[in-house]
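Structure first, commentary second.
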Amino acid sequence: MKSVLSTAPRKFLTHCLGLLARFFVASRSQIFVPICSLGAPRSGSKSPAHWASYFCGAVLSALALAACLGLGRLAAEEKTYTDKVDLPSSPFSEAATAVKQRPLGGGWTFTLGGSTQLRAQALDNRRDFDFGGNDEDFSLLERTRLNAAFAKDDLFKVFVEAQDAHEFWRDRLPGTNPNEDALDLYQGYLEFSLLKDIADMPALRIRLGRQELFYGTEVLFGDRDWFNTGQSFDLARVTWRPEAFEIDFFAGRPVAFDHRNPDAPAPHTNLAGANLKFLDAPARHRMEAYAYYRGDEETRFNSEHNGHGPEHLGTLGGLASAPFFGRWDYRVEAMGQFGSRGGDPVRAWLGTAELGYTFPLGWRRVRLAVKQTLASGDRSPVDGVQETFDILFGDPFEHTGKLLAVDGRNLNQFAAKLEARVWQGGLVAVDFHRFRLFQERDALYQGANGMPLRRDATGRAGGWAGHELDVQITHRFNENVSLSGGGFFFMPGRLFEKSGNGGHDASRNLFLMLRLSF
């Protein structure tokens with residue numbers, strides 16, 4: 001028997017969709033206010049509140065480490081690999097079990113969790129690509145998250161997660177450090193589930209508040225887990241699960257992290273979108289389709305004819321992936337962008353295709369894959385049409401090199417991948433990337449912040465941007481403890497020799513990272 005929407009729920013859903021639609025036009029108002037703010041305003045680098053935030057962060061770290069290391073033993077069985085260490089499905093130890101799914105009576109439960117991530121990295125030559133400059137930078141990045149959840153069956157949930165992120169021993173540079181976000185609210189939302197189906201599972205879920213947002217392969221929306229502060233959004237989100245489908249509607253704003261003040265949604269950036277996932281696609285296919293919108297009514301965007309205006313950007317796309325012939329697999333994704341920026345029309349697109357083969361080696365696994373990505377660039381800086389693809393809030397770490405030297409805009413990229421599980425709990429990942437500009441008169445954009453890294457408006461420097469080799473070795477003791485290390489190496493191409501400051505020496509990042517969760 002199929003679930004059927006009654007009149008009252010249908011009206012309620014219509015009302016929710018109407019609220020979402022209003023996000024498209026409410027571009028000058030403070031659409032959403034976070035559920036709460038943690039910590040006092042941190043107005044000065046030497047103020048008592050500033051040092052208090054460090055103290056609070058240290059307390060959070062100590063609590064998480066005590067929960068992880070102080071009591072209990074490691075789980076014996078190996079778990080699957082995942083970057084979502086904040087919400088493990090199993091507790092770290094018997095002691096941690098006491099704060100997992102704790103009954104409160106009346107169908108209510110309470111859960112406490114968290115994680116600590118420590119990453120030591122030696123980053124060299126990343127800023128100027130010149131061995132003559134003094135830009136070798138060793139630092140220690142720390143990120144601690146503690147979360148609490150109150151739930152009543154599967155119908156109502158309150159989730160709050162605090163985050164404290166710091167980078168120690170980093171070189172002093174102008175501007176704010178994107179890796180710093182002293183004790184603040186990372187996630188905090190209310191969740192309602194309605195319309196149970198024949199399997200007694202909710203068919204409609206409404207989530208209101210600060211939350212992560214990631215779809216598909218995170219080309220356009222991801223949690224940016226490698227970035228020390230991650231990425232969250234203040235959203236109204238509705239998930240509807242009719243038979244064989246899952247449809248997500250969302251609207252809101254991205255969170256702007258502020259080390260010295262409570263984090264708040266970006267004041268002028270509005271987001272809305274829909275994501276359709278096919279749950280019962282044939283032949284084990286994974287299929288998704290999506291439509292996203294980003295708008296900003298501030299007249300701060302430049303046109304190609306020296307004008308200024310707002311931005312209204314739409315993105316339509318879809319992906320498909322599946323195994324075939326037993327050991328082969330493929331993934332294709334394509335998307336187009338349209339709208340206006342600064343008064344200019346926007347016409348951009350991105351397409352990517354990946355083909356992989358997994359060798360049958362018993363419990364061991366070796367997968368080889370090749371991938372080609374094309375992302376449009378602006379062929380003429382003066383024709384009044386902007387053609388550079390925008391990756392919105394995607395995760396470049398997963399797609400265009402782990403050194404974050406290259407962003408997914410104006411790119412012709414070939415990649416070769418190797419993933420080998422050669423011992424119990426171990427994973428070796430080796431990625432090779434070759435980068436060229438799709439349009440030689442457009443820029444090479446940075447993966448770290450999306451800003452232009454090199455540009456030759458004449459196109460004489462050519463399109464050869466360079467290549468990158470990424471090696472990462474991870475040992476996962478269990479779902480709660482992992483240790484990884486490796487190195488990312490970028491060799492600039494001719495574009496670096498002929499543009500910018502002329503620096504064209506190799507850049508690298510060596511790192512060692514420990515992750516603990518409970």
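Note: Asp181 CG to Arg260 CZ = 12.0 Å, rounded to the nearest 0.5 Å. The CG atom of Leu453 sits 10.5 Å away from atom CG of Asp407, with the distance rounded to the nearest 0.5 Å. How far CZ of Phe432 is from CG of Leu469: 8.0 Å, rounded to the nearest 0.5 Å. Distance check: Ser139 OG to Trp169 CH2 gives 9.5 Å after rounding to the nearest 0.5 Å. One finds the NZ atom of Lys277 at 8.5 Å from the CZ atom of Arg241 (value rounded to the nearest 0.5 Å). If you take CZ on Arg434 and CD on Glu468, they are separated by 14.5 Å, rounding to the nearest 0.5 Å.
Counting only N and O atoms by type, the side chains of Thr352 and Glu354 include no donor and acceptor under 3.5 Å apart. Side-chain N/O atoms of Arg205 and Thr239 include a donor and acceptor closer than 3.5 Å. A donor atom on one side chain and an acceptor atom on the other are not found under 3.5 Å apart for Glu297 and His268. Checked by atom type, the side-chain pair Arg210/Gln187 shows no donor-acceptor distance below 3.5 Å. Between Ser232 and Glu212, the side chains place no donor N or O within less than 3.5 Å of an acceptor N or O (distance only, hydrogens not considered).
Aromatic rings from Phe338 and Trp349 are positioned such that their centres are separated by 6.0 Å or more. Proximity of the aromatic rings of Phe278 and Phe245 is defined here by a centroid distance below 6.0 angstrom, and this criterion is met. In this structure, Phe488 has its ring center closer than 6.0 angstrom to the ring center of Phe511. If you look at Phe221 and Phe250, their ring centroids are closer than 6.0 Å.
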May I have the step-by-step check of side chain to side chain donor-acceptor pair (under 3.5 Å) for Gln386 and Asp344, ending in yes or no? CA-CA 7 Å; Gln386 300 191 27; Asp344 291 341; 3.3 Å; yes
Please report the C-alpha distance between Arg409 and Asp390 in whole Å, then the side-chain angles of each, then the deciding distance to 0.1 Å, and finally whether the side-chain contact (heavy atoms from CB on, under 4.5 Å) criterion is met. CA-CA 6 Å; Arg409 308 160 210 252; Asp390 193 312; 3.3 Å; yes
Step-by-step side-chain contact (heavy atoms from CB on, under 4.5 Å) determination, Trp328 to Leu355: CA-CA 7 Å; Trp328 291 88; Leu355 178 66; 3.9 Å; yes
Go through it in stages, so that I can follow the logic: the residues are Lys417 and Asp431, the test is salt bridge (Lys or Arg N to Asp or Glu O under 4.0 Å), and I'd like the CA-CA distance, side-chain angles, deciding distance and then a yes or no. CA-CA 5 Å; Lys417 303 179 178 182; Asp431 298 342; 5.9 Å; no
Run the salt bridge (Lys or Arg N to Asp or Glu O under 4.0 Å) check on Arg170 and Glu167 step by step: do they pass? CA-CA 6 Å; Arg170 179 179 185 257; Glu167 184 175 13; 3.4 Å; yes
Kindly indicate, with the supporting measurements, whether the criterion salt bridge (Lys or Arg N to Asp or Glu O under 4.0 Å) is fulfilled by Arg379 and Asp383. CA-CA 9 Å; Arg379 57 189 146 183; Asp383 65 354; 5.1 Å; no
Verdict with supporting geometry, Thr217 and Glu398, side-chain contact (heavy atoms from CB on, under 4.5 Å): CA-CA 8 Å; Thr217 57; Glu398 299 294 335; over 6 Å; no
I would like to know whether Glu387 and Arg347 meet salt bridge (Lys or Arg N to Asp or Glu O under 4.0 Å); could you show each step before the answer? CA-CA 5 Å; Glu387 300 170 293; Arg347 302 289 183 267; over 6 Å; no
Pair His399, Thr373 - check side-chain contact (heavy atoms from CB on, under 4.5 Å), show working. CA-CA 9 Å; His399 298 283; Thr373 301; over 6 Å; no
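Taking every heavy atom of both residues into account, Met287 and Ala281 meet most closely at SD-CB, 3.9 Å. Counting all heavy atoms, side chain and backbone alike, Thr269 lies closest to Pro254 at O-CD, 3.7 Å. Nearest heavy-atom pair across Gly230 and Phe257 is O-CE1, 3.4 Å. Minimum heavy-atom separation, Val382 to His305: O-NE2, 3.0 Å. Among all heavy-atom pairs drawn from Ser482 and Thr474, the shortest one is CB-CG2, 4.5 Å. Of all heavy-atom pairs spanning Ala283 and Ala322, the tightest one is O-CB, 4.0 Å.
Around NZ of Lys371, the count of heavy atoms belonging to other residues, nucleotides or ligands within 6.0 Å exceeds 12. Around atom CZ of Arg367, more than 12 heavy atoms belonging to other residues, nucleotides or ligands sit under 6.0 Å away.
Taking the side chain as every heavy atom from C-beta outward, Gln117 and Asn228 approach each other to under 4.5 Å. Two residues are said to be in side-chain contact when any heavy atoms from C-beta on lie closer than 4.5 Å; Asp470 and Val430 fail this criterion. Annotation: side chain of Leu392 is in contact with side chain of Arg294 (closest heavy-atom distance under 4.5 Å). In this structure the side chain of Arg119 never reaches within 4.5 angstrom of the side chain of Leu514, judged on heavy atoms.
Remark: side-chain polar atoms of Asn275 are not paired, donor with acceptor, to backbone N or O of Asp248 under 3.5 angstrom. Counting only distance, with no hydrogens or angles, the side chain of Arg286 and the backbone of Gly216 share a donor-acceptor pair below 3.5 Å. In this structure, the side chain of His259 engages the main chain of Ala182 through a donor-acceptor pair within 3.5 Å. No side-chain donor-acceptor contact under 3.5 Å links Asp124 to the backbone of Ser507. In terms of modelled atom types and a separation under 3.5 Å, the side chain of Thr299 and the main chain of Pro310 share no donor-acceptor contact. Remark: the backbone N or O of Leu208 is not paired with any side-chain donor or acceptor of Arg237 at under 3.5 angstrom. Arg253 contributes no side-chain N or O that, together with a main-chain N or O of Leu271, makes up a donor-acceptor pair within less than 3.5 Å. Put simply, the side chain of Asp263 gets close to the backbone of Asp258: a donor and an acceptor are under 3.5 Å apart. A donor-acceptor pair is defined here as one N or O able to donate and one able to accept, closer than 3.5 Å; no such pair exists between the side chain of Glu333 and the backbone of Leu319. Side-chain atoms of Glu497 do not come within 3.5 Å of backbone N or O of Leu495 as any donor-acceptor pair.
Aromatic ring pairs are classed by plane angle as parallel below 30°, tilted from 30° to 60° and perpendicular above 60°; the pair Phe393 and Phe233 is perpendicular. Using bins of under 30°, 30° to 60° and over 60° for the plane-to-plane angle, the ring pair Trp464/His467 lands in the tilted bin.
Geometrically, Arg207 engages Tyr189 in a cation-pi contact defined by less than 6.0 Å to the ring centre and at most 45° from the axis. Geometrically, Arg145 engages Tyr186 in a cation-pi contact defined by less than 6.0 Å to the ring centre and at most 45° from the axis.
Of the candidates Thr229, Asn179, Asp225, Asp225 is the only one forming a side-chain hydrogen bond (donor to acceptor under 3.5 Å, both in side chains) with Arg143.
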Can you give the donor-acceptor pairs under 3.5 Å from side chains of residues 436-443 to other protein atoms, not counting sequence neighbours?
| from | atom 1 | to | atom 2 | distance (Å) |
| --- | --- | --- | --- | --- |
| Arg441 | NE | Ala457 | O | 3.0 |
| Asp442 | OD1 | Tyr445 | OH | 2.8 |
| Asp442 | OD1 | Arg455 | NH1 | 3.4 |
| Asp442 | OD2 | Asp378 | N | 2.9 |
| Asp442 | OD2 | Thr388 | OG1 | 2.5 |

